[in-house]
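All remarks here apply to the structure that follows.
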Amino acid sequence: MTIRTARESDAIAIFRVLTEVAPEIPVRLDTEDRQKKILDRVEECCKGSISWVALDKSRKVVGFLLGEEHSLGSREAPGVELPYGGVLKANRDDRQFSNLLTNAKGLGRPLYATVKDANSGAMAARLIKAGFIKQQSSVFPDESTFVWIPSAFSECYPPSPAV
C-alpha cells in the first residue's frame, strides 16, 4: 500500500470510496444535489496539498483523508480541518487510515475533525487512539469535535478543555 498527496484527478475515485463508506460516517448522498455538493467539496480539497489517498498494489484509490484550511475562533490555532476520510472495507486490515492520519500529522499543524454520534466506523475511538482530544462543545448536538495539537503549538494555542 502507498499513501500520497491527493491530486485533482483523484476526485472521482475518492468520491467512489466516499460513496461506499458514506453510511458509516454518516453522510447523505441520496439526491443529485447532495452528491454534487460533496463532489464539489472533494474536488476543492484535491486542489491543495493537504489531502491524501491510499493506493492498493494496482495503484487504485482505496482510501482517502481530505483536508481543508481551518481558522475559526480566537482560541484555536490555524490548522487543517479533516472533513471526510475513509477506507474501503476490503482494505481496512492494512492500517491505511492510521497511515493517512500520520501524513496529516506530518504537516506539523493542528488538525480538527468532527464526528457524528451516529458514526458506525468507530471514528471517535480511532482519533483518540491517534492522539486527538475530544473538545467540550461542538457546533451541533449530534456530533463531537476533536483536535490534535502538535507539540510546537501546545503552549501557544492550548485546545479547549477535554470532555
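Of the possible polar contacts, one joining the Gln135 side chain to the Ile133 backbone as a donor-acceptor pair under 3.5 Å is found. Between the side chain of Glu8 and the backbone N or O of Cys46 there is no donor-acceptor pair closer than 3.5 Å.
Looking at every heavy atom in both residues, Ile149 comes nearest to Pro110 through CD1-CB, 3.7 Å. Here the closest heavy-atom approach between residue Ala124 and residue Phe146 is recorded as CB-CZ, 3.6 Å. The heavy-atom pair separating Asn99 from Asn103 by the smallest distance is O-ND2, 2.9 Å. Nearest heavy atoms, Arg41 versus Pro83: NH2-CB, 3.3 Å. In terms of heavy atoms, Ser144 sits closest to Lys134 at OG-CE, 3.3 Å. Across all non-hydrogen atoms, the minimal contact from Val80 to Gly67 is CG1-CA, 3.9 Å.
By the side chain to side chain contact (heavy atoms under 4.5 Å, CB included) test, Ser49 pairs with Thr5, sequence neighbours left out. With sequence neighbours left out, the side chain to side chain contact (heavy atoms under 4.5 Å, CB included) criterion links Pro26 to Lys116, Ala118. Taking Lys37 as the reference, Asp33 meet the salt bridge (Lys or Arg N to Asp or Glu O under 4.0 Å) condition, with sequence neighbours excluded. Residues passing the salt bridge (Lys or Arg N to Asp or Glu O under 4.0 Å) test with Arg95, sequence neighbours excluded: none. Scored by the side chain to side chain contact (heavy atoms under 4.5 Å, CB included) test, Arg92 finds Val21, Glu24, Val87, Lys89 as partners (sequence neighbours excluded). When the salt bridge (Lys or Arg N to Asp or Glu O under 4.0 Å) test is applied to Lys105, no partner is found at least two apart in sequence or on another chain. The side chain to side chain donor-acceptor pair (under 3.5 Å) check on Asp40 picks up Lys36, with sequence neighbours excluded. Leu39 is linked by a side chain to side chain contact (heavy atoms under 4.5 Å, CB included) to Ile12, Phe15, Glu43, counting only residues two or more places apart in sequence or in another chain. For Arg16, there are no side chain to side chain donor-acceptor pair (under 3.5 Å) partners two or more places apart in sequence or in a different chain. Every residue two or more places apart in sequence or in another chain was checked for a salt bridge (Lys or Arg N to Asp or Glu O under 4.0 Å) with Asp56, and none qualifies.
To the nearest 0.5 Å, atoms NZ (Lys60) and CG (Leu88) are separated by 6.0 Å. In this structure, CG in Leu18 is found 7.5 Å from CG in Leu66, a value given to the nearest 0.5 Å. Rounding to the nearest 0.5 Å gives a distance of 6.0 Å between CD of Gln35 and CG of Leu29. With rounding to the nearest 0.5 Å, the separation of OG in Ser51 from CG in Leu100 is 10.5 Å. With rounding to the nearest 0.5 Å, the separation of CD1 in Ile14 from CD1 in Ile38 is 13.0 Å. Going from atom OH of Tyr84 over to atom CD1 of Ile25 covers 7.0 Å, rounded to the nearest 0.5 Å.
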(message) For a side chain to side chain contact (heavy atoms under 4.5 Å, CB included) check, start with the C-alpha distance between Phe132 and Val115, then their side-chain angles and the critical distance, and finish with the verdict.
(response) CA-CA 12 Å; Phe132 283 70; Val115 179; over 6 Å; no

(request) Kindly determine whether Val61 and Leu55 satisfy side chain to side chain contact (heavy atoms under 4.5 Å, CB included), including the steps that lead there. (result) CA-CA 5 Å; Val61 173; Leu55 307 172; 3.7 Å; yes

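Considering only heavy atoms from C-beta on, Trp148 stays 4.5 Å or farther from Leu101 through its side chain.
Applying the side-chain hydrogen bond (donor to acceptor under 3.5 Å, both in side chains) test to residues at least two apart or on different chains, none of the pairs has a partner in residues 119-131. Judged as a salt bridge (Lys or Arg N to Asp or Glu O under 4.0 Å), the pairs with a partner in residues 45-55 (not counting sequence neighbours) are, in order, Glu44-Lys47.
Annotation: Arg7, atom CZ; neighbour count of heavy atoms from other residues, nucleotides and ligands within 6.0 Å does not exceed 12. Summarising the local packing, CG of Asp30 is surrounded by more than 12 heavy atoms from other residues, nucleotides or ligands at distances under 6.0 Å.
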